[in-house]
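So the structure is just underneath, and the comments pick up after that.
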Amino acid sequence: MKLPNITILDEKDKRLRQVSKEVSFPLSQADKNMIEDMLLYLKMSQIDEEREKYDLRAGMGLSAVQLGILKRIFVIVDEYEKGQFKNYIVINPKIKSVSEELIYVGEGEGCLSINREIEGIVPRHARMNVEAYDVNGNPFSIRVREDISIAFQHEIDHLNGKLFTDYIDSKEPFKNAEMMREI
Ligand code: NI
């Protein structure tokens, strides 16, 4: 596999703090290429051999803004079984409903734009219903759960200029843990 030629912005880049704009259809060829590049990059980052070869960090999701493109587009690649990947391409997402139940990643969330370890609780809804558009501009609804729900919330935050570190109280990174379920 050939690593896509993309540059992921670092957390210090101010563009990551901007709100991305809704996308109109049809998508440009450049946007379609960007989506393919993001998907392949994430997949390669999850394959041990490729990750080592290219010195990557493993990542599950990327938003267009992380490439400096301020459009409401994100992708997620989920290795649901060894060597089996499911791609999510999500454009102009709207959260329609969320579970009351909150969860968090026990080992801490990660982000390809944040190149340091940060511990602490990021409260996320355990389940959500989301409406969005696919690459062809067709609307779809999706119900997401657990790690995929967390990934969706993490990426939707990117579209709104928010990073997971914003949720963490550095003085008390594990506060309110008893109110949530660890995954
Ligand atoms: Ni991120």
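Just so you know, ligand 1 is whichever comes first in the structure, and atom 1 is the first atom listed for that ligand. The model shown is predicted, which means the values in this text are computed figures rather than measured ones.
In this structure a side-chain-to-backbone donor-acceptor pair under 3.5 Å is present from R51 to S45. The closest donor-acceptor contact from the side chain of N136 to the backbone of N138 lies at 3.5 Å or more, if one exists at all.
Relative to the six-membered ring of F164, R124 misses at least one condition, a distance below 6.0 Å or an angle of at most 45° to the axis.
Of all protein N, O or S atoms, those under 2.8 Å from the Ni ion (ligand 1) number 3.
Remark: E101 does not engage R145 in a salt bridge, criterion side-chain N to carboxylate O under 4.0 Å.
Taking the six-membered ring where the residue is Trp, F152 and Y88 present perpendicular rings, their angle passing 60° and hence far from 30°.
Residues satisfying the side-chain contact (heavy atoms from CB on, under 4.5 Å) criterion with P173, sequence neighbours excluded, are E119, I168.
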